[in-house]
Amino acid sequence: MNKKTIIRTLEKIALYMELQGENPFKVSAFRKAAAALEGDERSLSEMDDVTKLKGIGKGTAAVIEDLMLTGESSLLKELEEVVPKGLLPLLKLPGLGGKKIAKLHQELGIDSAESLKAACEAGKVRELAGFAVKTEEKILKELANLANRSERLPIWQLEPVVLQIEALLGSMKEVDRFSVAGSFRRALETSKDIDFIVVTEAVEEVRENLLNSLAIQEVVAAGDTKISVILDLDEPVSVDFRLVKDNEYATALHHFTGSKDHNVRMRQIAKARGEKISEYGVEQEDGTVLTFQDEAAFFAHFDLPWIPPSLRTGTAEFDKTNIIQNLVRLEDIKADLHMHTTWSDGAYSVAEMGEALLARGYQYSVITDHSQFLKVANGLTPERLEKQRGEIEAFNAAHPDFHLFKGTEMDILPDGSLDFEDQVLKELDFVIASIHSSFTQSQDKIMARLLTAMQNPYVHMIAHPTGRIIEDRDGYNPDMKQLIAWAKEYGKILELNANPYRLDLCVEHLEMACAAGVPVAINTDAHDIAHLRFMDIGVRYANRAWLPKDMIVNTWTREQFEAFIQRNK
DNA sequence: ACCGCTCGCGGTGCGGGCTTTTGAGCCCG
């Protein structure tokens, strides 16, 4: 019996109890027990007594013992007999929780989405205490939505929507300031919706403007403090706007940025001091409410540094406050080491990319068009690569305070060889090696390919090391522990590809690279000037892994970078 | 159901808002 199964069983028990309308504390006790097991790194055999873990007592330990001895949980079996499986999806319906579902089951014998629909249509549901006509209508509407209801949306789908809404809010003269909040601001891979905090004194105008300017499928709520809409895009996207006064901005932004666990911890800290935090301010013991100009002032009130949103998980951010100042911020970034031009599959010329990089205030960058193997991307032959050199040198001659290094994104071929000979690589300043083909090879073959690149003295960096696309494909499944060990051994950089499709390395792998002391570069892989903005996402994502600034290659000065890339010549 | 303060019992990481049932359940971070 493995630990994962036990954790899942405890969570299942909680779910079934919830559907029975059980005491919510009892339900959460089972969830807490599961979380306690999950949070402990030891395997079950290494724990002599599970009840020593905080959150596991007599009852939950009995379930664990049951599972260990018999492979089954008699408690779960009993629950499954009493609670119909068809009720499980009903918890997803907004407005229905365990208590209400239990009542529907007990009073009307409802056991599935179908029977709930029938009961609503027959007008049976409105007769129940706690339900009425409106509830019935709402349930019917939500049942219709249930099938095509999308779960969490990936960051790459939300990012352009956020950009568009930011442009709209920025253009509205009644809007004094605004920010995106929620899990998007914390740089999570997926979010359920998008939250915006908007400061305005002209609530009506802003509301009308928003409702008229956005492509709206459905207005969920449109009050004085909250506007909630579903946008009519390829997939429906929920967006919430919170309209607040200027002095409430900091606490509202903090509150709606979360995470929930972070907020709970903050409120505990406040409570211990006799204060109360809400989205409107910090209430003092005498009832007066303090407000703050910005989040930094709010955190400072609790003797905390400004905690970057990505760190707000409710865990380490309160213990490791002394190293927060060592983490990377967007203004620390001095270069972008991975981008494409019209020479391969990019949309802008070398000079246009160069000007855009200068406009971002960078000191240097690297042009890295694809190599010849990638025909679909118009990859460069050694001859064309040589021609490109002239264009880059001309740009550099005209811009003495900035430097474009000459590079390539070279394919690691399916047979394990590299796309350019060493003589070609030798002439380049910076060489990226990456895999774009034969993802389904065995892990041994993939690792053999990567090892060739690692052992080549002219290669500096491995780009998007796993090849994953968020919520779409898993990539080529390299042995990351081994890859990181090689990067350390051969002195290579691993990339955090900041394109929101990729975010590769992921947080877990970044943490491993960090622990091993392997340098990381945050790159946009821009194929368009507009893509250079992804650096912001990359930086916020890197924060989630607590990567210190000095381990991030593109925070280095041009001199430091040059010293590093020339070491093998 | 678990924990902690003390051996049975009260509180359960927070607080606000919305619905519509004018309480209690549900939802948000």
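Residue numbers begin at 1 in each chain, while the letters A, B, ... track the order of the sequences.
In the set B:dT12, B:dG29, B:dC2, the nucleotide with an atom closest to the side chain of A:Ala29 is B:dC2. Of all nucleotides listed (B:dG16, B:dG29, B:dA1), B:dG16 comes nearest to the side chain of A:Tyr280. Distance from the side chain of A:Ala132 is smallest for B:dT21 among the nucleotides B:dT21, B:dG15, B:dA1. Which of B:dC2, B:dA1, B:dG29 sits closest to the side chain of A:Lys58 comes down to B:dC2. Comparing atom distances between the A:Thr225 side chain and each of B:dC18, B:dG29, B:dA1 picks out B:dC18 as nearest. Residue A:Val264 places its side chain closer to B:dC14 than to any other of B:dA1, B:dC14, B:dC3.
No more than 12 heavy atoms of other residues, nucleotides or ligands lie within 6.0 Å of CD in A:Glu508, so this atom counts as exposed by the packing criterion. Within a 6.0 Å radius of CG in A:Asp474, no more than 12 heavy atoms belonging to other residues, nucleotides or ligands are found.
B:dG13 has its base syn relative to the sugar, with a glycosidic angle deviating from 0 by at most 90°. Glycosidic conformation of B:dC7 is syn; the angle stays within 90° of 0.
In this entry the distance linking CG of A:Leu93 with C1' of B:dC27 reads 14 Å, nearest Å. Atoms NE2 (A:His255) and P (B:dG17) sit 9 Å apart, rounded to a whole Å. The CG-P distance, from A:Leu53 to B:dA1, rounds to 19 Å in whole Å.
For the P atom pair drawn from B:dG13 and B:dG8, the interatomic distance equals 24 Å after rounding to whole Å. For the C1' atom pair drawn from B:dG17 and B:dT12, the interatomic distance equals 22 Å after rounding to whole Å. Of the P atoms belonging to B:dC28 and B:dT20, the separation is 15 Å, rounded to the nearest Å. Comparing the P positions of B:dC9 and B:dC14 gives a spacing of 24 Å, expressed to the nearest Å. Nucleotides B:dT21 and B:dG16 are separated by 25 Å at their P atoms, to the nearest Å.
You'll find a donor-acceptor pair under 3.5 Å spanning the side chain of A:Lys100 and the base of B:dT21, going by distance alone.
Within the 4.0 angstrom heavy-atom criterion, no nucleotide atom of any strand lies near A:Arg312. Within the 4.0 angstrom heavy-atom criterion, only backbone atoms of the sugar-phosphate kind lie near A:Asp195; the bases stay farther away. A:Phe25 comes within contact range of at least one nucleobase, with a heavy-atom separation under 4.0 Å. Contacts of A:Gly130 with the nucleic acid, taken as non-hydrogen atoms under 4.0 Å apart, include base atoms. Using a 4.0 Å heavy-atom criterion, one finds that A:Thr257 contacts the sugar-phosphate atoms exclusively. Using a 4.0 Å heavy-atom distance criterion, A:Lys226 is classed as making no nucleic acid contact. A:Lys103 comes within contact range of no nucleotide atom at all, as no heavy-atom separation falls under 4.0 Å. No engagement by A:Leu253 is indicated, since no non-hydrogen atom pair under 4.0 Å with the nucleic acid exists. At a threshold of 4.0 angstrom between heavy atoms, the contacts of A:Ile269 with the nucleic acid are absent. Counting non-hydrogen atoms under 4.0 angstrom, A:Asp224 reaches nothing in the nucleic acid. Residue A:Lys134 is in sugar-phosphate contact alone, with no base atom involved, counting any heavy-atom pair closer than 4.0 Å across all strands shown.
A:Thr60 has a side-chain polar atom (N or O) that falls below the 4.0 Å cut-off from OP1 or OP2 of B:dC2. Within the 4.0 Å cut-off from OP1 or OP2 of B:dG4, at least one side-chain nitrogen or oxygen of A:Lys54 is found. Put simply, A:Lys26 has no side-chain N or O that comes within less than 4.0 Å of OP1 or OP2 on B:dT12.
The side-chain tip of A:Lys226 does not point at the ring of A:Phe241 from less than 6.0 angstrom away and within 45° of straight on.
Summary of the strand contacts: A:Glu275 and A:Gly182 both lie near DNA chain B, and taking for each the nucleotide with the nearest heavy atom, the more 5' one is attributed to A:Glu275. Heavy-atom nearest nucleotides on DNA chain B were determined for A:Gln268 and for A:Ile56, and the one closer to the 5' end corresponds to A:Ile56.
In terms of heavy-atom proximity, A:Leu19 sits nearest to A:Leu87 at CD2-O, 3.8 Å.
Under the Watson-Crick or G-U wobble criterion, with both distances below 3.5 Å, B:dG13 is left unpaired in every strand shown. Judged by Watson-Crick or G-U wobble contacts below 3.5 Å, the nucleotide B:dG23 has no partner. Checking B:dT6 for Watson-Crick or G-U wobble geometry (two distances, each under 3.5 Å) identifies no partner in any strand.
Aromatic ring centres of A:His262 and A:Phe318: separated by under 6.0 Å.
Contact check on A:Arg207 versus A:Glu174 returns no salt bridge, with no Lys/Arg side-chain nitrogen under 4.0 Å from an Asp/Glu carboxylate oxygen. Under the 4.0 Å criterion applied to side-chain N and carboxylate O atoms, A:Arg31 and A:Glu18 are assigned as salt-bridge partners. Between A:Arg312 and A:Glu317 there is no salt bridge, since none of the side-chain N atoms of the basic residue sits less than 4.0 Å from a carboxylate O of the acidic one.
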